[in-house]
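See below for the structure under consideration.
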Amino acid sequence: MDRIEGFGLYLDLTLKKISETYLRVFKKNNINLTIEQFVILQRIDRLGSDASQKDIVETNFRNRATTSRVISGLCKKQFVKKKRFKSDLKRYKLIITKHGYLELDKAKPHIKKLRDLSQKNITEKDFNELLLILEKIRNNYESFD
């Protein structure tokens with residue numbers, strides 16, 4: 001296998017393995033979230049009482065449509081409520097419900113274990129080199145016309 005083919009293949013294989021593992025752990029522990037839903041729920045929690053859908057789009061590195069679809073899924077599960085800001089009726093304020101906090105709290109210890117697992121046998125030097133290489137790959141693609 002040549003180097004060029006290897007980047008995409010190994011990135012894809014690694015992301016698939018990570019996703020499979022998270023989903024398997026979620027299922028085993030009756031966590032009613034997708035990985036994206038967890039990430040957005042956690043982001044809303046971190047942004048606090050002024051979390052808006054626009055803030056989530058800007059900090060989630062996903063497009064508006066994808067983020068909106070994930071938030072709608074969280075609303076359908078009654079983990080999040082959307083309300084308009086009193087000062088700005090164009091923006092939605094996102095509020096985590098009691099059920100949402102329960103699900104988030106149920107997921108957090110498993111997320112921590114999985115994140116710790118991802119760093120097993122990886123030194124800080126290894127990690128920094130990986131970030132540098134990934135940044136170089138991303139920058140290479142950003143320069144593509």
Side-chain angles (χ1 to χ4, degrees), residues 1-83 85 88 90-97 99-145:
M1 176 182 331
D2 67 48
R3 272 181 63 179
I4 302 300
E5 193 174 88
F7 280 137
L9 177 64
Y10 278 98
L11 287 172
D12 190 47
L13 288 172
T14 302
L15 289 173
K16 283 181 180 175
K17 181 53 73 180
I18 291 168
S19 293
E20 288 171 6
T21 304
Y22 272 72
L23 291 174
R24 191 172 62 247
V25 168
F26 281 13
K27 184 176 183 178
K28 178 182 175 185
N29 292 284
N30 297 314
I31 298 167
N32 188 16
L33 292 168
T34 65
I35 298 164
E36 292 239 331
Q37 286 174 336
F38 172 80
V39 168
I40 288 180
L41 200 57
Q42 184 178 50
R43 177 72 57 207
I44 295 167
D45 184 40
R46 288 186 177 160
L47 289 171
S49 61
D50 288 330
S52 72
Q53 190 159 334
K54 181 181 178 200
D55 295 332
I56 301 302
V57 169
E58 291 173 356
T59 61
N60 192 42
F61 307 107
R62 298 284 190 265
N63 65 41
R64 203 165 85 184
T66 300
T67 302
S68 180
R69 188 170 47 254
V70 174
I71 290 170
S72 291
L74 289 167
C75 290
K76 285 179 188 171
K77 291 179 178 181
Q78 298 183 342
F79 293 159
V80 171
K81 291 188 300 186
K82 287 171 37 171
K83 290 187 175 181
F85 280 93
D88 183 353
K90 293 180 181 180
R91 289 188 326 149
Y92 280 111
K93 181 177 188 172
L94 301 172
I95 302 159
I96 301 175
T97 65
H99 295 301
Y101 277 115
L102 290 172
E103 205 66 22
L104 187 60
D105 289 343
K106 186 167 44 168
K108 282 180 181 179
H110 301 288
I111 297 291
K112 180 169 180 357
K113 284 180 188 174
L114 290 167
R115 288 180 177 165
D116 289 347
L117 177 65
S118 74
Q119 298 176 44
K120 183 179 173 184
N121 299 320
I122 297 176
T123 67
E124 190 163 339
K125 181 182 179 216
D126 293 338
F127 183 73
N128 289 332
E129 287 177 11
L130 173 65
L131 292 181
L132 182 64
I133 292 166
L134 290 172
E135 185 175 356
K136 286 179 181 180
I137 293 170
R138 188 180 72 242
N139 288 338
N140 289 342
Y141 279 98
E142 284 185 10
S143 68
F144 185 77
D145 292 322

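Keep in mind that this is a model prediction, so the values were computed, not measured.
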Heavy-atom count around K54 NZ within 6.0 Å, excluding the residue itself: above 12?
no
What are the two closest heavy atoms between D50 and D55, and how far apart are they?
O-OD2, 3.4 Å
Contacts of R62 meeting side chain to side chain donor-acceptor pair (under 3.5 Å) (sequence neighbours excluded), chain-then-number -> E36
Nearest heavy-atom neighbours spanning K106 and N29
CD-O, 3.9 Å
Can you list the steps and then say if F26 with I111 is a side-chain contact (heavy atoms from CB on, under 4.5 Å)?
CA-CA 9 Å; F26 281 13; I111 297 291; 3.6 Å; yes
Compare all side-chain heavy atoms of Q37 with those of E103 and state whether any distance is below 4.5 angstrom.
no
Student check: side-chain heavy atoms of L11 and L134 closer than 4.5 Å:
yes
Going from CD1 on I40 to CZ on R69, what distance comes out if it is rounded to the nearest 0.5 angstrom?
10.0 Å
Kindly indicate whether the side chain of K28, heavy atoms from C-beta on, has any atom under 4.5 Å from the side chain of R24.
no
So D45 and L41, do their side chains get closer than 4.5 Å, heavy atoms only?
no
Shortest non-hydrogen contact between Y22 and R115, atoms and distance
OH-CG, 3.5 Å
Counting N and O atoms only, with roles assigned by atom type, does the side chain of T67 sit under 3.5 Å from a partner on the main chain of V57, one being a donor and the other an acceptor?
no
Among residues two or more places apart or on two chains, list those pairs meeting side-chain hydrogen bond (donor to acceptor under 3.5 Å, both in side chains) that have a residue in residues 128-144.
none
Does K82 reach the main-chain N or O of C75 with its side chain, forming a donor-acceptor pair under 3.5 Å?
no
Under 4.5 Å between any side-chain heavy atoms of I18 and T14, yes or no?
yes
Report yes if some heavy atom in the side chain of D126 is under 4.5 Å from a heavy atom in the side chain of T123; otherwise report no.
yes
Around atom NZ of K113, are there more than 12 heavy atoms from other residues, nucleotides or ligands closer than 6.0 Å?
no
At what distance, to the nearest 0.5 angstrom, does OG of S118 lie from CG of L114?
8.5 Å
Salt-bridge contact K16-D12 (side-chain N to carboxylate O under 4.0 Å):
yes
Which distance, rounded to the nearest 0.5 Å, do you find between the CD of Q53 and the CD1 of I44?
8.5 Å
Please identify which of these residues, V39, L94, V70, meets the side chain to side chain contact (heavy atoms under 4.5 Å, CB included) condition with I56.
L94
Is any side-chain heavy atom of L33 closer than 4.5 Å to a side-chain heavy atom of L104?
no
Does the salt bridge (Lys or Arg N to Asp or Glu O under 4.0 Å) test come out yes or no for D116 and K120, once each step is laid out?
CA-CA 7 Å; D116 289 347; K120 183 179 173 184; over 6 Å; no
How many angstroms lie between CZ in R64 and CD in E58, if you round to the nearest 0.5 Å?
11.0 Å
Nearest atoms (heavy-atom pairs only) where K81 meets T97
CG-CG2, 3.6 Å
Within a radius of less than 6.0 Å around OH of Y101, do more than 12 heavy atoms belonging to other residues, nucleotides or ligands occur?
yes
Any side-chain heavy atom of K108 sitting closer than 4.5 Å to one from D105?
yes
